[in-house]
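The sequence lines fix the lettering, A, B, ..., with proteins before strands; numbering per chain opens at 1. The model shown is predicted, which means the values in this text are computed figures rather than measured ones.
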There are 2 protein chains.
Amino acid sequence: MMDRKNGQTAAKDTTRDGASERVVAELALAIHEHRLQPGAKLSEDEVGAIYGVSRTVVRAALQQLSHDRLVELRRNRGAYVAQPSVREAREVFEARALLEPRTARSAAERVTEADIVALRRHIADEHAALDRGEPGRALHLSGLFHIEIARIANQATIEDFIRQLIARSSLIIALYWQRRTAMCESHAHDALLNALASGNGDLAEDLMKSHLLDLLSSLDLRNVNSAPRTLQEALGG
Amino acid sequence: MMDRKNGQTAAKDTTRDGASERVVAELALAIHEHRLQPGAKLSEDEVGAIYGVSRTVVRAALQQLSHDRLVELRRNRGAYVAQPSVREAREVFEARALLEPRTARSAAERVTEADIVALRRHIADEHAALDRGEPGRALHLSGLFHIEIARIANQATIEDFIRQLIARSSLIIALYWQRRTAMCESHAHDALLNALASGNGDLAEDLMKSHLLDLLSSLDLRNVNSAPRTLQEALGG
DNA sequence: CAACACATAATTGTATACAACACTGTCGCA
DNA sequence: TGCGACAGTGTTGTATACAATTATGTGTTG
């Protein structure tokens, strides 16, 4: 293990200390991009070996992720990528419906030229990822679009909540997405962007609301398998 | 230190493992009841000695508290009870205004007899604490009243957010409360309880909204001392 | 006397060691 | 053969040791 650590030291020297933050970021990204599937076990030794840190650091990272509900900690049994239940899925979108439309309105009232440019960039990246056949990355970028809007609204507290909700949404989509509908949401993002650019708060609020409803309705939340999936299913897939 | 640990083992045997949760609870309670003032330093060794656990456990607890923004972690410099800025204070109440009125409406639509009984109990406890001259405890109970309403609304995700916001509100009140207005909010809680008991969602939502506005207006948020208070002031007080 | 530099002490960041618990497979018994 | 007890193995929970960083106090120097 020491060898591996030394092998990664070169790449780590930018991160000086606070090694757990890097692990948090890497794991969160892997979950967001669906490289880690819901239910996957995150063994402390294994994760530590991969990133060249001790279990102490890994534990801190896992605890942090568990607070965002990306990871579920079971006492004496380890950490697993969370598997939101159908009920949790509904709750998350309920909360988003409560927070995001109003936030979009605030954003429309405060948005600057630079913000618009950044948002256009996000959308372009999203399309590019889709064209490259990286739906996981596209989904991640789609989430960042929402977070960017929250940032523009300039309410750090609400932004944090939205960030958590979007992270969980990523897991929910991994579990409950039904392929039927194509990934058409980029259209919704375009419309939102236009509303923001024109400073139309009413429209932005409405568009966000219906966008979230669309998203929710594209999920299959009939509680067919509301029970947590077994590890075997996750590993076999 | 070992002696102390053994000395507490008897009291700890109910908590089997997960020792950090107990530390989290104790520290959070101390903060909520204003026994720990904003800005107070939480040394790992010291906290560990008090609760008879190692720094490992204390660190886990502090990290958890920092995620709820009750504690601020500064790299290589330790953990301090958070000192929300004026801006954060406004943001917290903005978020509460977004979440709680709608939640109160939901609660009114779902409330049961047992819930009403529990809420009455909360209010009674709150009054009792005030009469006993324990304003810190009364404030804590007042927060629990809000959390109870969120619980009744049966949206665990939103409940968690509200829980965080109320925890932070406790710190905000510790910092920015202006004595002028008496602790009259119990009245507001009574009115809310009646609205809930009669199943009047509209009224509950309105009452919650104005209750939060009252609370906000009872704070002194002119940024007289928006800069974080010095440790000396905290210690000298 | 003020200001800087350095040595010292104290505290946090990380790694490792040991203990406690959970899971797995085997053996014995009905 | 089926079920239960038990030991073995591996993983997590906690404590401690060491390294790195910061804060403090002292002495020197302009």
Spacing between [X] atom [atom1] and [N] atom [atom2], to the nearest angstrom:
{"X": "A:Q63", "N": "C:dG13", "atom1": "CD", "atom2": "C1'", "answer": "15 Å"}
{"X": "B:L73", "N": "C:dT11", "atom1": "CG", "atom2": "C1'", "answer": "14 Å"}
{"X": "B:Y80", "N": "C:dT12", "atom1": "OH", "atom2": "C1'", "answer": "11 Å"}
{"X": "B:Y51", "N": "D:dA15", "atom1": "OH", "atom2": "P", "answer": "15 Å"}
{"X": "A:R75", "N": "C:dA20", "atom1": "CZ", "atom2": "P", "answer": "16 Å"}
{"X": "B:N76", "N": "D:dT22", "atom1": "CG", "atom2": "C1'", "answer": "7 Å"}
{"X": "B:D45", "N": "C:dA9", "atom1": "CG", "atom2": "C1'", "answer": "13 Å"}
{"X": "B:E44", "N": "C:dT12", "atom1": "CD", "atom2": "C1'", "answer": "6 Å"}

Looking at A:H189 versus A:H122, is the centre-to-centre ring distance below 6.0 Å?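 Judged by ring-centre distance (under 6.0 Å), A:H189 and A:H122 do not meet the cut-off.
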Please check if the distance between the ring centroids of A:H34 and A:H140 is under 6.0 Å.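 No: the rings miss the under 6.0 Å criterion.
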Examine the base of C:dT12 for any acceptor or donor lying under 3.5 Å from a partner atom in the side chain of B:S43, and report the outcome as yes or no.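 Side chain to base: no pair present.
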Classify the side chain of B:R55 and the base of C:dG13 as holding, or not holding, a donor-acceptor pair under 3.5 Å.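 Indeed there is one.
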So does [X] get a side-chain nitrogen or oxygen closer than 4.0 Å to the phosphate oxygens (OP1/OP2) of [N]?
{"X": "A:S54", "N": "C:dA15", "result": "yes"}
{"X": "B:R59", "N": "C:dG13", "result": "yes"}
{"X": "A:K41", "N": "D:dG10", "result": "no"}

Which sits closer to the 5' end of DNA chain C, B:A79 or A:V57, going by the nucleotide each is nearest to?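 That would be B:A79.
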Using the salt bridge (Lys or Arg N to Asp or Glu O under 4.0 Å) criterion, which residues pair with B:R120? Sequence neighbours excluded.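 With neighbours one apart ignored, the set is empty.
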Main-chain N/O of A:L216 paired to A:R90 side chain as donor or acceptor, under 3.5 Å: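 Checking the backbone N and O of A:L216 against the side chain of A:R90, no donor-acceptor pair under 3.5 Å is found.
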Pairs of donor and acceptor atoms involving the side chains of residues 25-33 of chain A, under 3.5 Å and at least two apart or interchain, shall be tabulated with distances.
from  : atom 1 : to     : atom 2 : distance (Å)
A:H32 : ND1    : A:A28  : O      : 3.2
A:E33 : OE1    : A:R35  : NH1    : 2.7
A:E33 : OE2    : A:R137 : NH1    : 2.9

